[in-house]
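Hydrogens, waters and symmetry mates are skipped; everything else that's a heavy atom, side chains included, is used.
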Amino acid sequence: MANWFRHVRIKDPMKKILFAVAFLLALAGASYFIYTEGVLPVNKDDTSKKLIIIKQGSTVDEIANTLFLEKLIRNRIVFYVVVKQLGIS
């Protein structure tokens with residue numbers, strides 16, 4: 001296991017396994033929540049249009065920052081993950 005796990009003072013091996021499983025489930029649940037919240041629209045009732053100019057050669061981080069500052073995306077990290085999943089960058 002990772003080095004940080006050695007600092008946990010659980011002597012029973014079964015309890016260590018249960019702790020690790022509970023930790024991983026909590027981490028997976030938190031990640032799922034952040035991802036699902038991040039892909040939702042900022043305001044689903046707002047149908048207004050906004051012109052954003054993205055300069056050629058801009059990085060994914062620069063685009064994510066621009067969209068986030070303009071309140072067009074909720075989460076820059078989720079945007080980055082979706083772009084990588086789709087193979088756009």
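- Distance check, rounded to the nearest 0.5 Å: CD1 of I63 to CZ of R76 gives 14.0 Å.
- Within a 6.0 Å radius of CG in L18, more than 12 heavy atoms belonging to other residues, nucleotides or ligands are found.
- Of the inter-residue distances, the one linking I53 atom CD1 with S58 atom OG reads 11.0 Å to the nearest 0.5 angstrom.
- The environment of K50 atom NZ is dense: over 12 non-hydrogen atoms of other residues, nucleotides or ligands sit within 6.0 angstrom.
- A distance of 11.0 Å separates CG of L72 from CG of N43, quoted to the nearest 0.5 Å.
- Under the 4.5 Å side-chain heavy-atom criterion for Ile, Leu, Val, Met, Phe, Trp and Tyr, F79 and L69 are members of distinct hydrophobic clusters.
- When the side chains of ILVMFWY residues are joined at heavy-atom separations under 4.5 Å, either directly or via intervening members, L27 and Y32 end up in two distinct hydrophobic clusters.
- If you take CD1 on I52 and CG on L67, they are separated by 6.5 Å, rounding to the nearest 0.5 Å.
- Hydrophobic cluster membership is shared by V81 and I88, with clusters built from Ile, Leu, Val, Met, Phe, Trp and Tyr side chains linked at under 4.5 angstrom.
- There is no path of hydrophobic side-chain contacts, each under 4.5 Å, that joins M14 to V21.
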* To do: Starting from the C-alpha separation in whole Å, work towards a yes-or-no answer on side chain to side chain contact (heavy atoms under 4.5 Å, CB included) for Y80 and K84.
  => CA-CA 6 Å; Y80 184 79; K84 291 297 180 184; 3.2 Å; yes
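- If you check the side chains of D46 and S48, you find a donor sitting under 3.5 Å from an acceptor.
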